[in-house]
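What follows is one structure encoded as C-alpha cells, with my remarks underneath.
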Amino acid sequence: MKKIEHLGIAVHDLEVSNALFEKILGVPHYKIEEVASEGVKTSFFKAGPNKIELLQALDDNSPVAKFLAKRGEGVHHIAFAVDDIVAEIERLTHEGFTVLNKIPKKGADNKLVAFLHPKGTNGVLIELCQEDPLSKLESRKE
Ligand SMILES: C[C@@H](C(=O)O)C(=O)SCCNC(=O)CCNC(=O)[C@H](O)C(C)(C)COP(=O)(O)OP(=O)(O)OC[C@H]1O[C@@H](n2cnc3c(N)ncnc32)[C@H](O)[C@@H]1OP(=O)(O)O
Ligand SMILES: [Co+2]
C-alpha cells in the first residue's frame, strides 16, 4: 500500500459540513459526486497532499446511514492507494481478511475500490483504492 488516499468522514448534512470543513481547511471542496451504488453523496477536499471525503447517506439502508444511526458523525474509513487492487484483494484474502467485495467496484473520484470488514481490522473500515485506468479514456471522450 502506497499512502493514505483519503479519509472518509460520515456527516448528516453535506452542505453544513462543506461549510465547516472549508473553515477548518481554508479551501473549498473541489468536487461533489454521488455514488449511487454505495448510497452516498460525497464531497472532496484537498489539504496539502491529503484528501478528505465527506459522506452523506442517500438512503436509509446505505452503509453510511447505518453508521450514522449507530455511531453518529465521525471518521468512517481510511482509504489506502494501491497500484494493483486485484493483487491486493488476493493477498489480503490469503492473509485471512474479509474482503467485502472480491471484485473491485467503481468508487468516487475515478477510483476502483474494495473494502475490508472492520471486524478483522481492529474496528477500522479499510478501503483499497486504485486509479481506474478507464477513467483516462472516459475523460478523453468529453
Ligand atoms: C464512494 C466510496 C469512495 O471513496 O470511492 C466510499 O468511500 S463509499 C463508503 C460507503 N461504503 C461502504 O462503507 C461499503 C463497505 N461497508 C459495508 O459493506 C458495511 O458498512 C459493513 C462494514 C459490512 C457493515 O455493514 P452491516 O450491514 O454489517 O452493518 P452493521 O451496522 O450491522 O455493522 C456491523 C458492525 O460493524 C460496525 N461498523 C459498521 N460500519 C463501520 C465502520 N465504517 N467502521 C467501523 N465499524 C463499522 C458496526 O458498528 C457493527 O459493529 P457492532 O456489531 O460492534 O455493533
Ligand atoms: Co472512500
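Just follow the structure's listing: the first ligand is 1, and inside any ligand the first atom is 1.
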Q. Going by an N to O cut-off under 4.0 Å, is there a salt bridge joining Glu38 and Lys105?
A. yes
Q) Which N/O/S atom belongs to Glu53 and is the closest one to the Co ion (ligand 2)? A) OE1
Q: Please write down residue, atom name and distance for the protein heavy atom closest to atom 22 (C) of ligand 1.
A: Pro118 CD, 3.6 Å
Q. Within 45° of the ring axis of Phe80 and under 6.0 Å from its six-membered ring centre, is that where the NZ or CZ of Lys2 lies?
A. no
Q. Backbone, side chain, both or neither: what part of His76 comes under 4.0 angstrom of ligand 1, heavy atoms only?
A. both
Q.
I'd like to know: is the Co ion (ligand 2) within the 2.8 Å range of an N/O/S atom from His6, strictly under that distance?
A. yes
Q.
Return the closest protein heavy atom for atom 46 (N) of ligand 1 as residue, atom name and distance.
A. Arg71 NH2, 3.3 Å
Q.
Is Gly123 close enough to touch ligand 1? Criterion: a residue heavy atom under 4.0 Å from a ligand atom.
A. yes
Q: Starting from atom 27 (O) of ligand 1, locate the nearest protein heavy atom and write down its residue, its atom name and how far away it is, to 0.1 Å.
A: Lys66 NZ, 2.7 Å
Q: Check all N, O or S atoms of Glu127 and name the one closest to the Co ion (ligand 2).
A: OE1
**Q.** Proximity of His29 and Phe44 rings by center, below 6.0 Å
**A.** no
Q) Backbone or side chain, does Cys129 get an N/O/S atom under 2.8 Å to the Co ion (ligand 2)? A) no
Q.
Among all the protein's non-hydrogen atoms, which is closest to atom 32 (O) of ligand 1, and how far away is it?
A. Lys70 NZ, 3.3 Å
